[in-house]
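In this chain, residues are counted from 1 in sequence order.
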Amino acid sequence: SKKKGLSFEEKRARMMEIFFETKDVFQLKDLEKIAPKEKGITSMSVKEILQSLVDDGMVDTDRIGTSNYFWAFPSKALHARKRKLEELESQFAESSQKKEALQKSIEKSKTGREDTAERAALLKELATLRQRKEQLKTEIDKYRECDPDVVEEMRQTNQVAKEAANRWTDNIFSIKSWAKRKFGFEESRIDKGFGIPEDLDYID
């Protein structure tokens with residue numbers, strides 16, 4: 001069977017290992033020689049991987065004369081990842097607060113009001129927030145690849161996200177149940193009308 005290639009995040013993590021293990025300064029051409037031999041990263045992908053790390057502030061670069069030099073030290077990388085994690089958690093907290101406000105609006109809409117357009121708008125916004133939550137989770141996962149020191153903190157954040165998602169799943173089920181009792185709608189009609197996936201379920 002074919003040997004599975006490295007993922008983009010695995011390549012990023014291995015590239016950081018080169019800097020951390022050597023604590024040295026490199027030119028691109030140096031890394032294009034070292035990375036394939038020591039870390040299994042193809043030379044053609046070194047430039048792209050390196051640029052992504054520079055863009056994330058994990059690798060420093062400077063031009064001296066006609067050459068570009070790259071370096072990264074563990075202490076700075078750790079601080080950069082922690083700052084990024086704090087930024088993501090702040091965004092996540094803002095999303096959670098907005099979800100709480102939406103929950104109150106949904107609860108209010110259950111009190112006999114027949115404004116289905118409003119409920120549809122709320123569900124649409126909820127879907128947007130859930131998508132944003134997944135994007136944040138993916139972003140957090142990217143930083144987990146490079147820094148085991150923040151794993152436990154991110155696990156706790158993910159648990160909060162899972163509980164929030166399950167609360168909103170519960171809210172949707174409650175609204176569906178209320179709509180069936182109030183208007184006699186079939187469940188499939190409700191799902192179709194509000195864009196609710198048929199396989200919507202709680203996250204284990």
Side-chain angles (χ1 to χ4, degrees), residues 1-96 127-162 164-165 195 197 199 201 203-204:
S1 60
K2 279 190 174 182
K3 184 178 178 182
K4 185 182 177 184
L6 297 173
S7 70
F8 189 74
E9 289 308 321
E10 287 172 332
K11 290 177 182 177
R12 280 166 53 96
R14 293 193 181 193
M15 182 71 73
M16 292 304 296
E17 287 175 3
I18 295 175
F19 290 108
F20 291 168
E21 289 168 2
T22 63
K23 297 182 178 62
D24 204 350
V25 178
F26 300 95
Q27 290 182 259
L28 176 61
K29 62 183 180 181
D30 300 324
L31 293 168
E32 286 175 339
K33 293 177 183 177
I34 296 169
K37 191 181 301 181
E38 297 187 7
K39 299 297 178 180
I41 303 170
T42 59
S43 58
M44 292 187 67
S45 66
V46 167
K47 186 175 182 179
E48 179 187 6
I49 299 298
L50 190 60
Q51 187 59 51
S52 78
L53 293 169
V54 169
D55 291 343
D56 284 342
M58 296 173 68
V59 171
D60 289 314
T61 183
D62 198 6
R63 188 175 185 84
I64 301 174
T66 59
S67 301
N68 289 319
Y69 292 86
F70 302 88
W71 68 93
F73 301 116
S75 58
K76 186 187 177 198
L78 177 60
H79 291 149
R81 285 191 291 272
K82 284 184 176 177
R83 282 196 303 273
K84 184 65 174 179
L85 184 61
E86 287 170 1
E87 177 187 335
L88 291 170
E89 288 175 340
S90 175
Q91 293 176 25
F92 190 87
E94 289 177 11
S95 295
S96 297
T128 300
L129 287 169
R130 292 184 74 169
Q131 183 179 10
R132 177 59 178 156
K133 177 186 75 69
E134 289 303 319
Q135 291 172 348
L136 290 172
K137 181 175 178 293
T138 300
E139 189 75 7
I140 289 173
D141 286 342
K142 182 175 77 173
Y143 283 85
R144 180 190 289 120
E145 284 283 346
C146 297
D147 187 4
D149 293 339
V150 297
V151 168
E152 186 56 35
E153 190 173 356
M154 288 188 291
R155 280 178 182 162
Q156 293 173 5
T157 301
N158 287 342
Q159 180 63 27
V160 171
K162 186 176 84 170
D199 59 351
D201 204 350
I203 300 172
D204 295 327

_Is there a side-chain contact between Asp60 and Phe73 in this structure, where contact means two heavy atoms from C-beta onward sitting under 4.5 Å apart?_
no
Closest approach of [X] and [Y], non-hydrogen atoms and distance?
X: Gly40; Y: Leu6; answer: O-CD1, 3.5 Å
X: Lys11; Y: Ile41; answer: O-CD1, 3.5 Å
X: Pro36; Y: Ser43; answer: CG-N, 3.7 Å
X: Ala72; Y: Met16; answer: CB-CE, 4.1 Å

Nearest-0.5 Å distance, [atom1] of residue [X] to [atom2] of residue [Y]:
X: Glu10; Y: Ile49; atom1: CD; atom2: CD1; result: 10.5 Å
X: Thr61; Y: Phe70; atom1: OG1; atom2: CZ; result: 4.0 Å
X: Met15; Y: Glu48; atom1: CE; atom2: CD; result: 10.5 Å

*What residue among Glu86, Lys133, Arg132, Gln135 forms side chain to side chain contact (heavy atoms under 4.5 Å, CB included) with Gln91?*
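Of the listed residues Glu86, Lys133, Arg132, Gln135, the side chain to side chain contact (heavy atoms under 4.5 Å, CB included) partner of Gln91 is Arg132.
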*Identify which one of Ile34, Leu31, Ile18, Val46 satisfies the side chain to side chain contact (heavy atoms under 4.5 Å, CB included) criterion when paired with Lys39.*
Ile18
*Is it true that Arg12 and Glu9 have a side-chain N and a carboxylate O under 4.0 angstrom from each other?*
yes
_Qualifying side chain to side chain donor-acceptor pair (under 3.5 Å) pairs with a residue from residues 22-35, counting only residues at least two apart or across chains_ = Gln27-Ser67
*Where do Asn68 and Leu28 land on the side-chain contact (heavy atoms from CB on, under 4.5 Å) test, with the steps shown first?*
CA-CA 7 Å; Asn68 289 319; Leu28 176 61; over 6 Å; no
